[in-house]
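Lettering of chains follows the sequences in order, A, B, ..., and the numbering in each one begins at 1.
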2 protein chains.
Amino acid sequence: MEAASEPTLQDSISDRLGYVLRRASGVMMGALGVALAEIGLRPVEATILILVGANTGCTQSEISRLLGIKRANMVPLMAGLVNKRLIERYPVDGRSFALSLSPEGAAQRDAADAIMLAHERRFEALFSGAEIEALRAALTRIAQLDPTAQE
Amino acid sequence: MEAASEPTLQDSISDRLGYVLRRASGVMMGALGVALAEIGLRPVEATILILVGANTGCTQSEISRLLGIKRANMVPLMAGLVNKRLIERYPVDGRSFALSLSPEGAAQRDAADAIMLAHERRFEALFSGAEIEALRAALTRIAQLDPTAQE
DNA sequence: TATTGTTATACTCTATAACTATA
DNA sequence: TATAGTTATAGAGTATAACAATA
């Protein structure tokens, strides 16, 4: 056996949980990015559309907090979606805006949602239903350890 | 119940596998970054030290391929470690270098390894042994879907 | 005094194209 | 012709500090 053309490296790292977690995340996000690029959206933009659609009237600070994105970094993100006429802003407060999806935004949200669901299904197909639920639960448990310093 | 000071957003996204995977990865890498900063290393640097230590004489291109990092991006990374006298380079080829750990590099590798092991244990403590193995296996299965375009 | 949205800025990570020298 | 290392560069993502207007 061992028809390796070059002596394969001793891989003393890919048995580590943190490493495989990082690699798995990269693979899944990369595939989602490719899939969403077909409708001109990045994963974070699709996520924002979905959240605004489910929370009409919310503010961009609320979205920021939920996604763990700093307020300052949300500014160009939201401006881009408003610029593309996918999200509309109406003042509520004098200092904050109520967000909502435009008709085009709702259509893009639906398209993004369909792509994301198909994407999830493609990865879930690797596992049994019980395995998927165990995986989701374990990842959620880890994610909830987030100190969420958030500024 | 519900002592929410502001109407909590409908979170229609954190049940998605890709999203929790990305968040869990961020939490774990963030914690590892904090832990490794105490010895002046970033996670990727610690990983390189471990791999070079386990593969004395390997080249930086081999490390790049194993980690899925582009050759061009490995250059400043390796230069930094050589600059810190943690890794030594000897020409083997006229165009490539054999990498090895300096004594200081081996000491740093040992320190990094101890930190990384303690870090893994802290997260593994959240689960049973069977859960951990299932999680590791599932993540490895996803990570191996990597198209590994690699340039 | 705290919060919202904002600007400016910087650092990391990643990606591509192109070059050189060697194999 | 393919590979190793390199340079330059550009795009994301994320971090902080500071400001004006408002609550």
Asks: Does a side-chain N or O from A:Ser61 land closer than 4.0 Å to OP1 or OP2 of C:dT3, or not?
Replies: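 No, because none of the side-chain N or O atoms of A:Ser61 sits under 4.0 Å from OP1 or OP2 of C:dT3.
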Asks: Check side chain to side chain contact (heavy atoms under 4.5 Å, CB included) between A:Ala138 and all other residues, then give those that pass, not counting sequence neighbours.
Replies: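 A:Ala138 satisfies side chain to side chain contact (heavy atoms under 4.5 Å, CB included) with B:Phe127, B:Leu135 only.
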Asks: Would you mind reading off the distance between A:Arg71 atom CZ and C:dA8 atom C1', rounded to a whole angstrom?
Replies: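 Rounded to the whole Å, the gap is 15 Å.
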Asks: Between A:Arg89 and C:dT6, is there a side-chain N or O to OP1/OP2 distance below 4.0 Å?
Replies: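 The answer is yes; a side-chain N or O of A:Arg89 sits under 4.0 Å from OP1 or OP2.
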Asks: For B:Glu45 and C:dC13, give me the distance from atom CD to atom C1', rounded to whole Å.
Replies: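 Taking atom C1' of C:dC13 as the reference, CD of B:Glu45 is at 13 Å.
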Asks: To the nearest Å, give me how far apart CE (B:Met74) and C1' (D:dA4) are.
Replies: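 The distance from CE of B:Met74 to C1' of D:dA4 comes to 13 Å, rounded to the nearest Å.
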Asks: Might you list the N or O atoms of the protein lying below 3.5 Å from N or O atoms in nucleotides 9-15 of chain D, with each pair's distance?
Replies:
from: D:dG13; atom 1: OP2; to: A:Arg42; atom 2: NH1; distance (Å): 2.5
from: D:dT14; atom 1: OP1; to: B:Arg22; atom 2: NH2; distance (Å): 2.9
from: D:dA15; atom 1: N7; to: A:Asn73; atom 2: OD1; distance (Å): 3.4
from: D:dA15; atom 1: N7; to: A:Asn73; atom 2: ND2; distance (Å): 3.0
from: D:dA15; atom 1: N6; to: A:Asn73; atom 2: OD1; distance (Å): 2.6

Asks: Just the rounded figure in Å: distance from C1' of D:dA4 to CG of B:Leu99.
Replies: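 From B:Leu99 CG to D:dA4 C1': 12 Å.
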Asks: So, does A:Arg65 get its side chain near the phosphate of C:dT4, meaning an N or O under 4.0 Å from OP1 or OP2?
Replies: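 Indeed, a polar side-chain atom of A:Arg65 lies that close.
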Asks: Can you tell me the distance, in whole Å, between the CE atom of A:Met29 and the P atom of C:dC13?
Replies: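 The answer, rounded to whole Å, is 18 Å.
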Asks: Mind checking what makes side chain to side chain contact (heavy atoms under 4.5 Å, CB included) contact with B:Val92, not counting sequence neighbours?
Replies: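 Expected list: B:Ser96, B:Ala98.
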Asks: Please list every donor-acceptor pair under 3.5 Å in which a side-chain atom of residues 39-46 of chain B meets a protein atom from a residue at least two apart or in another chain.
Replies:
from: B:Arg42; atom 1: NH2; to: B:Glu45; atom 2: OE2; distance (Å): 3.4
from: B:Glu45; atom 1: OE1; to: B:Arg42; atom 2: N; distance (Å): 2.9

Asks: Not counting sequence neighbours, which residues clear salt bridge (charged side-chain N to carboxylate O under 4.0 Å, His left out) with B:Asp11? List them please.
Replies: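 Listed in chain order: nothing, the list is empty.
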Asks: What ring pair (Phe, Tyr, Trp, His ring centres under 6.0 Å) pairs are there with at least one residue in residues 60-119 of chain B, not counting sequence neighbours?
Replies: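 Found B:His119-B:Phe123.
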Asks: Please check: side-chain N/O of A:Arg141 versus main-chain N/O of B:Leu126, any donor-acceptor pairing under 3.5 Å?
Replies: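 Looks like yes, one N/O pair under 3.5 Å.
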Asks: Using atom CZ of B:Phe97 as one end and atom C1' of D:dA4 as the other, report the distance to the nearest whole Å.
Replies: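 To the nearest whole Å, that distance equals 9 Å.
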Asks: Separation of B:Asn83 atom CG from D:dT6 atom C1', in whole Å?
Replies: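 Taking atom C1' of D:dT6 as the reference, CG of B:Asn83 is at 16 Å.
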Asks: Just by distance, do the side chain of A:Arg22 and the backbone of B:Met29 share a donor-acceptor pair under 3.5 Å?
Replies: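 Side chain of A:Arg22 to backbone of B:Met29: no pair is present.
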Asks: Taking N and O atoms by type only, does the side chain of A:Arg95 place a donor or acceptor under 3.5 Å from a partner on the base of C:dT4?
Replies: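 No, no donor-acceptor pair under 3.5 Å.
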Asks: Using whole Å, report how far CD1 of B:Ile63 lies from C1' of D:dG5.
Replies: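 Distance, rounded to whole Å: 15 Å.
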